[in-house]
Amino acid sequence: MSDTAVHSQEPQLLEVSIGPQHPSTHGVFRMNVVLDGETIVKLKPVMGYLHRNHEQLAENMSYLASMPYTDRLDYICSMTNNFAYAMAVEKLAGIDVPERAQYIRVLMAELTRLINHTLLVGFLLNDLGAFFTPTLYAFREREKILDFFEATAGSRMMCNYFRFGGVKADLPAGGMEQVKEIVKNYSRFLDEFERLLTSNEILRSRCQNVGILSKELAVNASITGPILRASGVNYDIRKVDKYSIYDRFEFKVPLGKVGDVYDRYYVRILEMRESIKILQQLLKQMPEKGEILSAKGAAAAKSPRMWKPPAGDAYGRIESPKGELGFYLVSDGSPKPYRYHVRPPSFINITILEDMCLGQKVADAIVILGSVDIVLGEVDR
Amino acid sequence: MAIDEGLNNELQKRGIFVTTLNDLYNWGRRSSIWPLQFGLACCAIEMIATACAKYDIARFGAELFRPSPRQADLMIVAGTVTKKMAPMVVRLYNQMPEPKYVISMGACAISGGPFRDGYNVLKGIDRYIPVDVHIPGCPPRPEALLDGLIKLQKKIDSQKIDQMDGYREEKSCEYPVPQYGKKGLEPRHNPDFFTPRLDWPEKNTKDNLRMPNYKPAPAPARAAGSPLPGQAATGGPSEQGVAPAQLAAQPPASEQGQ
Amino acid sequence: METSESIFVVIKKAILGFFHGFLPDWTVVIISILISVTAIVIFGPVTMMFLTWLERKVVGRIQNRYGPNRAGIFGLLQPIADGVKMLTKEDIVPRAADKVTHFLAPVIVVIPALLVFSVLPFGRGMAAVNLNVGLLFFLAVSTMSTIAIFMGSWGSRNKFSLLGGMRAVAQMVSYEIPMVMSVVPVILVTGSLSMVSIVEAQLGGKWFVLTPWGFFGAIVFFLCGVAEVNRTPFDLPEGESEIIAGFHTEYSGMKFALFYMAEFMSAFAIAGLTATLFFGGWDGPLLPSWLWFLVKSYAMIFIMIWFRGTLPRFRIDQLMGFAWKLLLPFALLNIFVAALWQMLPAPKNLIVSGIAEAVILVIVFFASRKDSPKKRTYVFAD
Amino acid sequence: MFGFGVLKGMSVTLWNFILSYVYPKKGITTVQYPEQKKEVEERFRNFPFLVYEGAPDNMRCVACDICSKECPPKCIYIIPEKDAQGRVQKKPATFDIDYAICMNCGICEEVCPFDAIFMDHEYELAEYERLSSLLYHKEDLLKPVEHFAKIRPTDYGRIEATRAAKGVKGRAQPVAGAPPKPAETQQSPPATS
Amino acid sequence: MNVEEIKNDLLKHVPGLELTVEGESFIVPKEKLLEAARFLKENEKYRMDYLSCVTGVDYLAQAARLGQPGQAAVGGQSELASGYLESVNHLYSMEKKHGPIVLKVRVPRSDPRMPSLVPLYRGAEYQEREAYDLLGIIYEGHPDLRRILMWDEFEGHPLRKDYVEEDQDIR
């Protein structure tokens with residue numbers, strides 16, 4: 001069934017293209033669905049509508065110049081994209097990161113995880129039909145965190161805040177109070193969100209036993225992130241690789257049992273509570289003063305287009321809110337990377353979208369796509 | 001038959017509200033613009049943030065994001081329009097009923113923005129559909145989108161019913177949908193109303209910027225077998241592109257248009 | 001106080017009296033019909049406009065933001081702006097569409113929405129037509145909108161609207177039966193189908209909702225009414241997030257406005273009917289009768305809008321299961337409790353029917369336990 | 001399938017509805033844009049602007065073209081001035097930034113060794129026409145140092161401190177040989193309170 | 001999990017495999033790729049059940065002659081010296097939670113055919129389609145090798161180093 005032509009094969013099968021412009025495909029993602037009545041017989045995703053040739057551009061720019069481009073990969077969590085790219089280049093060039101910068105990095109990563117999971121729950125309820133109310137509550141909380149990002153990094157969504165070997169600038173004057181305020185109120189907001197949603201019978205009946213993903217298929221299809229943990233596989237790169245300073249915080253990894261849409265929704269709520277625990281411990285352990293850019297980092301940032309990392313290749317990966325986000329860099333000693341490849345979690349997590357949707361209704365396919373949490377900037381790069 | 005301001009104010013003081021039919025139509029269209037639920041990339045998230053509690057586009061009567069193009073009258077092109085997506089955008093524009101407006105939000109929709117040097121990115125949506133308001137920024141703040149909406153409302157206020165394209169019979173509002181070609185879209189832009197800017201000097205074109213093997217339009221065919229510009233760089237740090245001094249000597253393609 | 005009570009009735013009599021002087025009798029009858037008809041034709045669209053404004057303001061306030069407040073004070077001119085804009089929109093008929101059905105659908109969907117107003121008792125003596133089978137007329141006419149919605153979805157030759165149309169037919173047919181079943185106790189108790197007599201049976205504060213069978217009957221009726229009108233959580237026919245805009249995907253301009261108007265007018269009609277059947281129509285202590293009717297209907301409307309601001313949407317098979325497996329049996333059992341309540345003398349009937357109602361609730365609760373969703377537990381690994 | 005969960009959910013929305021009337025400060029978070037404008041954070045970066053001290057002619061930019069090369073989307077175009085004998089001057093004749101392409105990343109501000117280009121807070125720049133009105137020329141970009149001091153006091157304080165420490169007077173030529181360490185990326189002392 | 005130990009295990013269990021080690025990664029000939037990967041996946045000690053990342057890389061003639069950046073010059077296979085396409089596979093273990101084993105497969109640009117890993121790992125399906133779409137590496141045994149990011153009528157593989165861009169008008 002080719003992508004462009006949409007025609008029906010057997011008489012009673014209805015071939016519908018839930019096309020690039022659709023209220024709940026989270027961007028320009030298309031699914032060619034063959035329906036028998038309301039149940040799905042075949043589902044082929046079509047991508048590439050937002051392929052912005054990120055890798056070709058990065059191979060023709062200096063290393064630092066493609067840092068602002070990583071903000072636009074997964075445009076909901078720009079800080080974690082920067083984090084992954086900075087770690088990959090630091091592994092390639094062997095740059096160390098000072099103490100306070102590590103704490104600032106983990107602070108930003110966990111705040112971004114809160115934003116991503118809250119927005120996901122909001123958009124999932126949007127797909128279920130709740131008329132924007134959970135989404136607006138999610139955006140109301142997101143605005144508070146964005147104010148803090150704007151105060152430190154300079155832009156609400158496109159932070160461009162990480163540098164190789166640290167961060168661009170220290171927290172602003174009132175920064176710490178702002179973070180304390182956010183962390184204090186966030187668990188109260190989560191309780192309100194859970195009261196609104198978790199015990200809602202309609203949400204439960206719409207999400208339970210829908211789009212079940214078995215453990216073996218999840219591991220075989222290289223699924224990562226909350227979806228994998230909702231199926232019961234205990235694999236969280238913060239615990240496996242213990243990158244940056246995540247080994248200094250003790251937090252749990254919530255696992256689901258059944259692996260359906262409801263588990264994916266609730267595992268993300270529990271992960272948000274774990275992130276709040278990490279943030280509370282971080283606020284206590286964070287050193288007051290300290291340098292935020294190591295000596296080698298400052299040398300790299302002095303004139304980016306002249307800075308040449310040693311030749312070789314490196315693969316850096318982190319636990320982004322959507323799964324394992326990795327950067328594979330090959331450097332031939334010139335200021336431009338020879339090969340720059342992004343391993344996006346959303347792109348690989350939709351490999352088994354068809355397996356989850358077969359036999360379900362059209363409405364379920366939309367909800368399953370919502371629970372897989374894809375962002376098209378990252379899928380199509 | 002415009003009403004002169006003085007008379008109008010005088011009458012309003014006495015509580016008599018006089019308006020032309022044209023103003024009533026414009027007021028109606030201005031204060032209830034229903035945007036199409038159509039987001040492409042990062043600017044779409046900022047568009048949703050504008051529709052949310054803190055910036056509240058509902059105050060302007062524009063919060064009903066209509067999923068179907070038939071009921072929408074404003075298309076906010078928010079995000080990068082790639083060549084694979086351009087035909088869909090033009091087809092959506094054709095499906096919208098006539099008094100329709102387009103806001104191209106963000107650098108990508110205006111000019112391809114940071115991604116414009118790619119093989120799959122359209123250098124701005126106004127190559128295929130007429131755009132009313134351009135909002136620069138990457139992504140523009142929600143207030144900038146509201147400011148753009150206010151400017152669009154001013155533009156609607158100044159419109160005259162009989163001169164508007166939508167209501168004239170002879171002007172067909174069907175814009176040709178580009179086809180997928182071997183390397184890009186055919187036609188590359190809609191010649192009726194878009195002429196690519198050529199006054200931007202040659203220096204900043206893709207040739208000497210980054211793409212090692214970009215073949216500039218008028219350049220003579222490269223001698224076969226000669227090393228590709230990008231490939232000479234494995235040796236010393238000969239920085240990609242032409243050193244400024246060498247360029248300063250060569251006169252720019254055309255005097256920087258004032 | 002008396003004059004404000006029946007102000008509209010007095011106005012109508014004055015007009016008739018004025019014409020009575022120099023016109024023959026039969027013209028006066030026609031004029032009185034015309035007056036009632038113009039009253040309804042003005043009242044219908046005006047409530048629709050007010051409801052669109054009310055919905056956007058209330059949903060805005062639920063979401064911590066102001067609703068439209070720039071088109072006139074508090075945004076009151078917003079519906080007028082929407083109307084003017086819809087009038088000036090181009091009217092697109094898709095090339096592949098079936099022209100006749102595409103054109104007729106919006107017209108046919110508005111007719112039942114307006115017809116239904118003729119039977120509603122707006123106040124003491126203010127029911128346009130005091131049919132003795134008013135309730136039957138209301139339920140029969142309101143099913144006509146199903147045909148119109150299916151015509152609209154079939155006529156516009158669009159896959160998504162076809163899906164929407166199929167869903168609309170399935171949903172409305174299967175919610176018609178529990179709706180009628182939940183009305184039967186009211187008829188059983190009042191003994192007549194006429195709306196005015198139903199309200200008179202509840203005068204003096206003896207509203208049916210205060211009786212055990214009435215309270216649960218009102219819930220079932222209201223839920224079926226919301227499903228009849230395709231509003232959240234039953235808005236599958238125009239489920240935006242799944243099938244673009246459901247049956248009115250291909251409608252633009254004034255035709256879409258007619259669909260929009262029909263939806264809101266029938267929403268007000270259902271709210272009015274719930275107020276009439278269970279909340280005692282125009283019965284109320286201080287305020288004039290017609291004001292009481294409006295207050296109660298707008299309370300019901302507020303609940304509908306509150307639903308829209310909170311609840312997600314059912315899936316098509318759960319929708320059917322909810323109607324057939326939960327609402328219908330409950331409505332049937334409710335008739336028995338009403339019969340019990342009706343037979344026994346005053347003090348005992350409340351206790352007996354209360355117990356019967358509790359027993360029914362327990363039975364239905366355990367019957368539907370099997371497919372109701374379970375609580376989930378989660379493991380915390382490190 | 002009894003609606004207790006649904007009722008709990010509806011109580012949350014009702015509480016928000018009442019809160020928005022009873023206690024608007026917490027219930028309503030809307031900033032009514034054209035009338036009330038939320039003042040922008042100090043480090044917010046929208047579009048770059050050029051800085052001059054005193055007269056617009058006395059601008060800090062010396063047309064060294066570093067920012068044009070470093071700019072990721074390549075939206076800066078500089079032609080240095082030439083005097084009578086054709087020798088290149090330390091001043092740009094034309095300095096264009098195409099606001100339709102700029103991605104607000106702030107890298108030009110970081111790498112400029114002469115503190116000549118900074119990111120502005122101005123965001124109401126919507127235009128009706130694109131090709132000419134969004135291409136900002138030197139005249140449209142030039143803004144006085146006082147403007148920079150007004151919108152970003154702490155950064156201005158820090159940069160003035162480093163400039164004074166290096167003894168850089170307004171138009172002083174950079175010390176021959178070692179270009180002065182760029183202000184932004186040097187070891188910035190922790191933000192002064 | 002040091003490189004030597006893995007090399008010996010691989011040579012021992014997979015018959016007829018000549019393996020060269022480059023830094024942290026193993027260069028596996030394309031005929032033996034499936035066997036090596038199956039061994040790493042099923043062997044009790046490794047249990048490499050998670051294929052994290054498949055990347056296509058294009059090494060032009062000069063780069064190939066001078067040796068892959070940072071590694072020894074590619075002397076031996078002459079036909080590889082005229083430039084080759086490489087597919088880099090990062091394997092992890094979710095069960096035993098241990099680090100990456102990197103398998104690299106090189107094919108000359110003239111005949112870019114290579115066995116696909118989809119029969120072993122479903123996760124490679126889209127990444128191999130993307131490598132085919134952007135770099136032109138043909139994976140044999142892939143169930144549905146079509147273009148994934150570009151439209152079907154597109155010609156050429158854009159991420160190749162010698163891909164000539166079509167001339168676009170400037171603004």
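Computed from a prediction, not measured in an experiment: that's the story for all the values here.
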Other residues, nucleotides, ligands: >12 heavy atoms within 6.0 Å of D/Lys38 NZ: yes

Partner chain C: residue of D/Val12, D/Ile28, D/Asn16 with the largest heavy-atom pair count (under 4.5 Å): D/Ile28

C/Phe74, CZ: over 12 other non-hydrogen atoms inside 6.0 angstrom: no

Within 6.0 angstrom of C/Phe50 CZ, more than 12 heavy atoms from elsewhere: yes

Enclosure of D/Glu39 CD (heavy-atom neighbours >12, cutoff 6.0 Å): no

Contact origin within D/Leu14 toward chain C - heavy atom pairs under 4.5 Å: both

Exceeds 12 heavy-atom contacts within 6.0 angstrom, atom CZ of C/Phe215: no

Chain D neighbours within residues 55-68 of chain C, where any heavy atom lies under 4.5 Å away: C/Val58, C/Arg61, C/Ile62, C/Asn64, C/Arg65, C/Tyr66

Minimum heavy-atom distance between C/Phe307 and D/Met10, given as atom pair plus value: CE2-CE, 3.3 Å

C/Trp306 atom CH2, over 12 foreign heavy atoms within 6.0 Å: yes

